[in-house]
Structure formats: C-alpha cells, structure tokens
Number of protein chains: 2
Amino acid sequence: MAADIPQLAPTPLAGRAGFLLSQLGFHTAQRFAEHLAPLGLQPKHFGLLMHVSRGEGRSQQQLADALAIHRNVMVGLMDDLEDRGLTERRRHPSDRRAHAVYLTAAAHGLLARAQRSADTFEAEVLAPLDEADRTHLIALLQRLAEHAGLPAGIHPGLQRADSQAADR
Amino acid sequence: MAADIPQLAPTPLAGRAGFLLSQLGFHTAQRFAEHLAPLGLQPKHFGLLMHVSRGEGRSQQQLADALAIHRNVMVGLMDDLEDRGLTERRRHPSDRRAHAVYLTAAAHGLLARAQRSADTFEAEVLAPLDEADRTHLIALLQRLAEHAGLPAGIHPGLQRADSQAADR
DNA sequence: TATTGTTATACTCTATAACTATA
DNA sequence: TATAGTTATAGAGTATAACAATA
C-alpha cells in the first residue's frame with residue numbers, strides 16, 4: 001500500500017529556528033487557550049484584563065492604542081467582558097464621548113486565578129528544561145523579540161488592524 | 001491628557017516563556033509569509049511543496065495524512081498549486097479513485113528559490129545571536145517541541161481539522 | 001473639522017456535511 | 001460498506017466604512 005513511497009531525508013524544517021518558533025508558538029498559544037478555557041476566558045480577554053488592571057479608568061481608545069488594536073475590535077472585546085460582568089463602562093470624567101473602563105470585583109478574583117493558571121501553564125511548557133536552561137531560553141527569546149521590534153507584552157495576534165490609519 | 005494614568009509595573013507577560021513563544025512565533029510566521037510573498041507562495045504552499053518533493057506520486061490523502069490536515073483542505077491547496085502550474089494530478093497506477101501528485105519542472109526551480117529565501121530569513125531571525133547561542137536556542141526549542149509532542153516539520157497551523165474523524 | 005464609540009457590511013477561513021466514482 | 005476526491009454551505013473572525021455624539 002505504501003510500499004512504493006521512498007522514505008527520503010527528514011524534512012529540514014525541524015532544524016530551522018524560524019520554523020520551530022512558528023510551530024512552537026502556534027502550539028503554545030493553542031494550548032494556553034485550552035488551559036484558560038475552564039475560566040471562561042480566551043487569551044485575548046486575559047490580555048485585555050491584564051492591561052485594564054494596570055491602569056483603570058482609561059478610555060477604550062487608550063486601551064486600544066496600548067494593545068495596538070483597532071477601536072472597532074475593542075468594542076467587541078469590551079462587550080464580551082461587560083456581558084460576563086468583568087468590566088464596567090463608566091462615564092469619563094473629562095470627555096463625554098469616552099468611556100472610563102473599570103474592573104469589577106469579580107474580575108479581580110478571576111484575574112488572580114487566571115494568573116495562577118498561567119503560572120501552571122508556564123511550568124508545563126518549561127518542564128523538560130532545568131533552571132539554567134530556562135533562564136537562558138527566556139533571555140534568548142527576549143533578545144530575538146527585541147531585535148524583531150516586538151513591544152514587550154503586546155501580542156501581534158491581536159494587532160491586525162492598522163491603528164494608525166484614520167476612518168476614511 | 002494622559003496625566004491621570006499611573007504608570008505601574010511593566011507587564012509580567014514579557015518574562016514568560018509561554019508568552020514569548022506565542023508572540024515570537026506569531027510574528028515570525030507573519031514575517032516569513034511576507035518574505036515568501038514575492039515568490040507568489042504562502043507558507044502553507046511552501047510546506048506542501050516540500051512534502052510533495054520528498055516523495056512524488058503520492059495520493060492527496062497520503063499527503064493530507066502526512067501534514068495532518070483534512071483531505072477537503074488538501075483539495076484547495078492542490079487547486080492553488082495546480083493553477084500556478086507547480087503540481088500535476090496524474091492517474092494513480094493502482095487506485096483509480098486517487099490522484100498521483102507530481103511536481104512540475106517550474107516547481108523544482110521555485111522550490112529551490114524558496115529554500116534560499118528561507119535561509120535568508122533564518123539568518124535575519126537569528127541575527128542578534130552568535131553561533132553558540134544559535135545552536136543552543138535551536139536545541140532548546142527542539143527539546144520543547146519534542147516534549148510538547150510536536151511531530152518534526154509539521155506545523156499545527158495547518159492541522160486544524162481532525163483527520164481521524166470520518167465523514168459522517 | 002477631528003475624535004470616541006458604535007454598528008453594518010463584506011471578505012476570508014475553517015468546519016461539516018454530502019455527493020461521485022471507485023474499491 | 002468503506003475510501004479518494006470534490007463540492008456546497010454555514011459559521012467564526014477580520015477589515016472597512018459609515019454614523020451619532022461630542023470635542
């Protein structure tokens with residue numbers, strides 16, 4: 001059945017850093033999403049909650065800028081979080097067009113659990129490495145990320161839309 | 001305007017291997033796609049061409065199994081490649097339901113160019129690291145990939161559909 | 001005239017099922 | 001009855017434009 005298929009050299013892809021990063025990155029993102037699912041959160045919601053918690057009261061546009069996403073996308077994300085009772089849109093003190101975004105008490109509790117979940121996940125990812133290798137790997141990845149011009153903590157999977165461009 | 005936004009601690013995400021892998025992986029995949037675009041190829045086409053070249057004459061189903069994708073997806077990919085004159089569907093010698101897939105002469109030339117392009121890209125990705133760090137990084141990533149159960153050279157971004165499940 | 005939030009629409013991707021011709 | 005290839009349809013996700021309220 002498979003007798004006439006010659007088994008040639010192993011694919012060289014598995015030896016390329018570019019392929020390994022893409023392969024591992026995709027798989028890691030996928031597994032992290034599964035890891036977070038029991039909390040009812042997707043990675044993008046987790047990331048947004050983290051950013052909101054770093055400075056409550058900001059407008060949706062400010063949050064969108066911080067995450068490098070389009071404000072239209074932010075509306076949908078905020079709807080998700082508000083529907084789940086995790087954030088509140090209050091009136092902005094100085095701009096009546098804008099909303100000031102705050103976390104609810106429930107969100108603070110959930111965020112703490114999500115971070116513990118992320119810690120557990122991190123340990124799983126790094127399981128095969130000893131302490132020295134873990135430190136080294138993270139340092140190497142950070143150097144690559146810096147060289148690639150990636151802003152710390154901003155996931156490019158969220159920043160599809162060109163937030164520079166105006167409506168027009 | 002932004003005076004009342006306290007700048008708190010930097011996001012801890014940038015120190016997590018899981019986040020860095022996902023962030024770098026996504027960005028790397030995106031940039032590789034741009035790198036390949038001048039050749040008129042997407043990464044998935046490149047990957048498929050590589051697999052076809054490793055053993056010509058296989059059926060679409062065999063190729064789909066090798067890449068862990070659903071045969072329905074394979075039809076679309078093969079259509080793309082055939083429309084571009086890169087592959088041929090010939091009649092299978094032993095099974096008249098199946099097609100035997102072959103590369104054209106044009107595909108061999110394009111594949112060689114694509115691999116050179118991938119080499120250039122690899123050098124760009126690894127630019128900030130010296131030789132020892134490059135070797136170490138690749139070894140570390142390979143260990144993580146193996147621990148995660150990722151088959152060498154198979155990108156999980158392609159294998160969405162559950163190729164185990166039958167039609168029904 | 002520009003900006004914030006919102007909504008609507010179109011477009012791309014993926015998943016699923018169903019069909020045909022063979023086995 | 002099962003399998004290879006194909007096609008069609010529905011759903012999720014993203015991009016773009018347009019609108020009302022406010023600056």
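Naming: A, B, ... by sequence-line order, numbering from 1 per chain.
The main-chain N or O of B/G18 is never found under 3.5 Å from a side-chain atom of B/S22 such that the two would form a donor-acceptor pair. Judged purely by atom type and a 3.5 angstrom limit, B/E34 has no side-chain atom pairing as donor or acceptor with the backbone of B/A29.
Within the structure, a side-chain polar atom (N or O) of A/Q61 is placed less than 4.0 Å from OP1 or OP2 of C/dT4. Within the structure, a side-chain polar atom (N or O) of A/H99 is placed less than 4.0 Å from OP1 or OP2 of C/dT6. At the phosphate of D/dT6, OP1 or OP2 sits under 4.0 Å from a side-chain N or O atom of B/Q60.
Spacing between atom CZ of A/R71 and atom P of D/dT14 amounts to 18 Å, rounded to whole angstrom units. For the pair A/E88 CD and C/dG5 C1', the computed distance is 18 Å after rounding to whole Å. Straight-line distance from the CZ atom of B/F26 to the C1' atom of D/dT14: 11 Å, rounded to whole Å. Taking atom CG of B/D80 as the reference point, atom C1' of D/dG5 lies 16 Å away to the nearest angstrom. Going from atom CG of B/L158 over to atom C1' of C/dT14 covers 12 Å, rounded to whole Å. Nucleotide C/dA18 holds its P atom 13 Å from the NE2 atom of B/H70, rounded to whole Å. Distance CD (A/Q62) to P (C/dT3): 14 Å, rounded to an integer number of Å. For the pair A/M74 CE and C/dT4 C1', the computed distance is 13 Å after rounding to whole Å.
Atom CD of B/E82 has more than 12 heavy atoms from other residues, nucleotides or ligands within 6.0 Å.
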Polar pairs (N or O, both sides) under 3.5 Å between protein and nucleotides 21-23 of chain D?
{"from": "D/dA23", "atom 1": "OP1", "to": "A/R96", "atom 2": "N", "distance (Å)": "3.0"}

Could you write out each protein N or O paired with an N or O of nucleotides 7-12 of chain D at a distance under 3.5 Å?
{"from": "D/dT7", "atom 1": "O4", "to": "B/N72", "atom 2": "ND2", "distance (Å)": "3.3"}

Criterion side-chain hydrogen bond (donor to acceptor under 3.5 Å, both in side chains) on A/Q61 and A/D65, from CA distance to verdict: CA-CA 6 Å; A/Q61 181 65 62; A/D65 287 345; 3.0 Å; yes

Worked verdict on A/D80 versus A/K44 for salt bridge (charged side-chain N to carboxylate O under 4.0 Å, His left out): CA-CA 11 Å; A/D80 294 342; A/K44 58 188 181 184; 5.4 Å; no

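The pair B/R89-B/D79 meets the salt-bridge criterion, since a charged nitrogen lies less than 4.0 angstrom from a carboxylate oxygen. B/R143 has a carboxylate O that lies under 4.0 Å from a charged side-chain N of A/D133, or vice versa, which qualifies the two as a salt bridge.
Distance check: A/H27 NE2 to B/I154 CD1 gives 13.0 Å after rounding to the nearest 0.5 Å.
Criterion: ILVMFWY side-chain heavy atoms under 4.5 Å apart, direct or through other members. Under it, A/V75 and A/L86 are not part of a common hydrophobic cluster.
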